[in-house]
Structures are given as structure tokens and as C-alpha cells.
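The structure appears right after this line, and notes come after that.
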There are 2 protein chains.
Amino acid sequence: MLNYSTSEENYIKAIFHLQRQDGTVTTNELANELKTKPASVTDMMKKLKVKKLLNYQPYQGFRLTNEGNKVALGIIRRHRLWEYFLAEKLKFSWDEVHEVAEDLEHVSNKKLIDKLDEFLGFPRTDPHGDPIPDANGRIEMSKKICLTEMELNTIAIVSSVSDQSSEILELLEHKKIAIGTKLEVKKKFDFDNSMEVKIGRQPAFTISNQLAENIFVLSN
Amino acid sequence: MLNYSTSEENYIKAIFHLQRQDGTVTTNELANELKTKPASVTDMMKKLKVKKLLNYQPYQGFRLTNEGNKVALGIIRRHRLWEYFLAEKLKFSWDEVHEVAEDLEHVSNKKLIDKLDEFLGFPRTDPHGDPIPDANGRIEMSKKICLTEMELNTIAIVSSVSDQSSEILELLEHKKIAIGTKLEVKKKFDFDNSMEVKIGRQPAFTISNQLAENIFVLSN
DNA sequence: AAATAATTTTAGACAAAACTAAAAAAATAA
DNA sequence: TTATTTTTTTAGTTTTGTCTAAAATTATTT
Ligand SMILES: [Mn+2]
Ligand SMILES: [Mn+2]
Ligand SMILES: [Mn+2]
Ligand SMILES: [Mn+2]
């Protein structure tokens with residue numbers, strides 16, 4: 001596996017995440033995600049195409065090639081292992097780990113990452129509940145759904161949270177919701193799309209639609 | 001404290017180490033140390049002078065300012081803490097840690113480093129025996145001397161090793177010499193400058209001049 | 001279908017960090 | 001004290017990654 005610059009890696013990772021949602025990624029989307037300008041994106045897309053990491057025809061949007069996806073999974077593996085390390089070993093809080101991991105992920109020494117993985121006990125998910133690819137780039141693609149799509153009176157486990165701000169963390173901590181919490185949706189209100197949920201035998205409480213949209217669960 | 005590029009940091013750290021030995025550092029010396037060209041060094045010296053990290057007049061050599069020294073100690077703190085982490089927690093061997101720390105040292109997040117320090121139990125020295133600056137940039141400047149300068153029949157503790165190759169590591173392991181080992185020089189031979197040393201009550205054994213020159217001890 | 005708007009690409013410029021080759025200054029030898 | 005050698009700096013390029021402004025293409029309205 002070749003080595004890529006910090007800038008190239010940031011583009012590759014962003015494309016990987018965006019194409020999960022959209023299939024093919026557009027110039028403006030990516031520029032917006034990376035807080036850069038469309039012209040810069042086009043420049044980089046040409047470079048990544050030459051390196052065979054990207055399928056790209058002018059004006060047609062882009063997708064990573066198989067090789068590009070492999071590279072992306074390597075970066076995501078590093079990012080999430082460092083996030084786990086920061087939260088678990090250095091006692092960083094949930095909303096602080098992403099920013100630091102954004103830098104650490106670019107130190108790409110295979111032995112370092114594999115030994116870190118071992119030291120951490122081969123964790124399966126990062127502090128936000130997202131799965132960590134293994135040393136071969138394999139990742140558990142669990143069919144997680146948004147809390148808003150859950151059927152009434154079924155129990156599901158909170159698996160991840162898409163917003164990673166300190167504001168959502170404050171709210172989740174107050175409501176005692178964390179990765180792994182078992183939730184049951186008791187009611188949905190059409191007026192504001194709020195819902196009432198229960199944790200175990202405790203009394204039901206209300207969750208706003210904004211919050212529910214950022215909570216993802218594993219239904220079985 | 002401002003932020004500096006990876007390249008700037010590598011120059012700052014190299015100047016710091018070279019001026020420890022020489023007082024003032026020359027263009028060729030630094031180019032040689034960083035495996036770059038003299039012209040590149042001159043360019044960077046101008047930049048560091050503008051940033052007030054360096055005292056530099058054309059053709060006169062250079063020294064770090066107080067501010068420059070502070071920045072250097074920050075980089076060295078990061079480098080040595082990561083080296084300790086790699087050796088102690090990830091079980092890297094002695095000769096592998098430097099290369100990896102060379103990259104990790106440039107992730108400069110104060111909170112990350114201070115929490116890492118705490119997680120590691122505030123280690124005093126890195127795996128090569130070199131002192132780790134504290135959060136305020138203070139460093140223990142122990143008056144260590146080279147093994148070749150030790151008086152006969154006095155005992156001293158091995159405090160650091162200047163060469164960090166796997167070859168010297170192999171030899172030191174074979175001779176059971178490590179950081180902290182108590183050594184007593186019994187004889188010196190003028191012919192080849194080799195010496196006979198003892199560890200505790202074990203029989204004396206021979207050390208070549210090349211090896212002795214790379215071993216530093218703390219004499220009391 | 002033509003006009004208008006939005007998106008994307010190109011062209012040209014710039015800053016950082018490196019290099020080579022030539023000029024300038026300092027150190028050393030004759 | 002000249003002449004020669006060594007060291008250092010300057011001048012001019014190159015590569016990477018960014019930007020603005022203008023042109024080209026595609027999408028949306030009227
Ligand atoms: Mn990043
Ligand atoms: Mn995460
Ligand atoms: Mn470095
Ligand atoms: Mn060291």
C-alpha cells in the first residue's frame with residue numbers, strides 16, 4: 001500500500017463517507033464537507049484519478065475505486081482506533097476525540113496501528129459506536145436504522161450517534177442514553193414528530209425529532 | 001504558543017540538539033543533519049528569524065532565541081513521551097521507537113500530550129535514557145559523562161545511549177547493559193582504547209572504544 | 001426551445017518547501 | 001598578502017495544494 005499526503009487522505013475519507021449516503025459524490029458536496037473551494041476539489045479529483053483511486057469523468061461526479069475504498073478503510077481504521085484510545089485510555093470525553101484523531105489518523109505506520117489495536121484489546125467500535133475496520137480492512141456493516149424509523153413497542157440497542165458535538169453529548173448524558181442503551185419507542189406524535197421512549201422499566205420520557213434523527217439503533 | 005509546520009519543527013529540533021554540542025550551528029552542519037541542501041537551510045533560517053525563533057546574521061551561524069528553545073523543548077517533550085508510550089505500552093523495541101515518534105511528535109495538541117503524560121505516569125526519561133521535559137518545558141539537565149571519561153574503580157549508572165541503531169541494541173543486550181545498569185571500569189588499554197568493565201560481582205568483560213563512546217553515565 | 005441559473009472546470013496566481021547552479025563571502029594556504 | 005578552497009547565500013525552478021475570476025457545461029424555468 002502506497003503512502004498518501006494528509007490532504008489526499010482527507011479527500012479520500014470524505015468521499016468514502018459521502019458516497020455511503022449518495023452513491024456518487026459531487027464537487028460542491030465535497031467542497032462543502034472539506035470547507036474548501038470547488039476548484040480545489042476538481043484539482044484533487046484529477047490527481048486521485050491518475051493514482052487510480054477514483055472513477056471520475058468531468059461533470060459526472062465521482063466514486064472511489066476498489067483501491068480507493070481500501071485506502072479509505074485504512075484511514076478510518078486509524079481514526080477510530082485513536083478515538084478509542086483517547087476516550088478509553090486518556091479519558092477524553094466523547095466530543096473531544098474526533099478533532100485530535102483527525103490529526104493522528106495521518107501517521108500511517110502499519111506496525112504502530114496493529115500494535116495499538118492489540119494494546120486496546122481489538123475494540124469493535126469507536127466511542128461514537130461506529131465500527132472499526134480490522135487489519136485487513138474488513139468492517140462490520142450492521143444494518144442500523146434511525147430511531148425515527150423504529151416500530152412502536154420493539155426494543156433496539158443504540159449503536160451510534162451521527163452528530164458528535166458537545167451539545168448533543170450534554171443532552172444524551174442528561175437523558176442517560178449512551179451507546180449500548182436498550183430503547184423502546186412507546187409513542188410518536190405527528191404534530192412535532194417527537195416521541196416517547198423507555199429505558200428498561202423506567203418511566204417513559206420525551207425525545208425531540210432533532211435528537212431522534214441523530215440516534216441510530218441496531219434492531220434485531 | 002503558536003503552531004509551526006512539520007518542516008519548521010524538524011529544523012527547530014535539529015538546531016536545538018546541535019547547539020547543545022557546538023554553541024552556534026552552521027548551515028552545512030544543519031543541512032547534513034536533516035539530509036537536505038544548504039540552500040534550503042538558508043531559506044528556512046530566514047523564516048525562523050522573522051518568526052523570532054532564531055538569532056541569525058548572514059554568514060554568522062545561528063542559535064535559537066529563548067522562544068525558539070521553548071518551542072524546541074515542546075517538540076522534544078512530545079517526541080520522548082511518544083517514544084516511552086511505544087516502548088512501554090505497545091512493546092516496540094528500543095531501536096524502533098525513534099522513527100515512529102518522528103511523525104507523532106508533530107501532532108501538537110497540548111491536552112493530548114499532557115493527558116498522555118499522566119496516563120504514562122509522568123515518566124522522567126525516554127527509552128534511550130534521555131530526560132523528558134515537563135509540561136512547562138523544564139528538563140533535568142543531569143551532568144552525564146561518556147563512559148570513556150570515567151575514572152577507574154568508580155561506579156556509575158548508565159543513563160543514555162547516543163546511537164540508537166538496532167546494531168548497538170543487539171550488542172548491548174548481549175552484554176546485558178541497559179539504561180540503569182551500574183558499571184565499574186576496571187581497566188583501560190591504550191593500544192585500542194578498549195576497556196574492561198564489571199556489572200556488580202560478575203566477572204569483568206571487554207568493551208570496544210566505539211561502544212564506550214556511545215554510552216553515557218551518571219556519576220555521583 | 002430558448003433563456004436563465006447553478007454547477008463544474010479551466011486559467012492564472014500564490015505560498016510553502018524543496019532543489020540546482022551561480023555568485024558572494026569567509027577561511028585557509030601559499 | 002594574494003590565491004585558492006570552502007562555506008554560505010542568491011536567483012531561478014519545481015511540486016503540492018490552495019485560491020479567485022472567467023469560461024464551459026449541465027440543469028431548471030419560463
Ligand atoms: Mn484528517
Ligand atoms: Mn468516531
Ligand atoms: Mn519529525
Ligand atoms: Mn529518544
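Quick caveat: nothing in here was measured; it's all calculated off a predicted structure. Per chain, numbering begins at 1; letters A, B, ... match sequence-line order.
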For [X] and [N], what is the distance between atoms [atom1] and [atom2] respectively, to the nearest whole Å?
X: B:Asn32; N: D:dT8; atom1: CG; atom2: C1'; answer: 15 Å
X: B:Met45; N: D:dT10; atom1: CE; atom2: P; answer: 13 Å
X: A:Glu8; N: D:dT16; atom1: CD; atom2: C1'; answer: 9 Å
X: A:Leu48; N: C:dT9; atom1: CG; atom2: P; answer: 13 Å
X: B:Asp43; N: C:dT20; atom1: CG; atom2: P; answer: 13 Å
X: B:Lys35; N: C:dC19; atom1: NZ; atom2: P; answer: 13 Å
X: B:Tyr59; N: C:dA27; atom1: OH; atom2: C1'; answer: 13 Å
X: B:Gln57; N: D:dT9; atom1: CD; atom2: P; answer: 11 Å

Establish, with yes or no, whether the OP1 or OP2 oxygen of [N] is under 4.0 angstrom from a side-chain nitrogen or oxygen of [X].
X: B:Lys37; N: C:dA21; answer: no
X: A:Thr42; N: C:dT10; answer: no
X: A:Ser40; N: D:dC19; answer: yes
X: A:Thr27; N: C:dT9; answer: yes
X: A:Tyr11; N: D:dT16; answer: no
X: A:Thr36; N: D:dC19; answer: yes
X: A:Tyr56; N: C:dT9; answer: yes
X: B:Asn28; N: D:dT6; answer: no

- Task: Kindly say whether the aromatic ring centers of B:Phe85 and A:Phe85 come within a distance under 6.0 Å.
- Result: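 They qualify: ring centres under 6.0 Å apart.
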- Item | Donor-acceptor pair between A:Ser162 and A:Asn214 side chains, under 3.5 angstrom |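 A:Ser162 vs A:Asn214: donor-acceptor pair found between side chains.
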- Task: Give a yes-or-no answer on whether the side chains of A:Asn10 and A:His106 include a donor-acceptor pair shorter than 3.5 Å.
- Result: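 Note: A:Asn10 and A:His106 side chains meet the donor-acceptor criterion.
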- Query: What is the nucleic acid contact for B:Pro38, judged by heavy atoms within less than 4.0 Å: base, sugar-phosphate only, or nothing?
  - Reply: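 If one applies the 4.0 Å heavy-atom cut-off, B:Pro38 turns out to touch a base.
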- Query: When the nearest nucleotide of DNA chain D is assigned to A:Gln60 and to A:Ser7 on a heavy-atom basis, which residue is associated with the more 5' position?
  - Reply: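 Comparing both residues, the 5'-ward one is A:Ser7.
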- Item | Closest listed nucleotide, where the reference is the side chain of A:Thr26 and the choices are C:dT8, D:dA21, C:dA21 |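 It is C:dT8.
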- Query: NZ of A:Lys115 to NZ of B:Lys91: how many Å apart, nearest 0.5 Å?
  - Reply: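 If I round to the nearest 0.5 Å, the distance is 9.5 Å.
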- Query: Are any of the side-chain nitrogens in B:Glu149 or B:Lys188 under 4.0 Å away from the carboxylate oxygens of its partner?
  - Reply: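 Here B:Glu149 does not pair with B:Lys188 in a salt bridge, since their nearest N and O are not under 4.0 Å apart.
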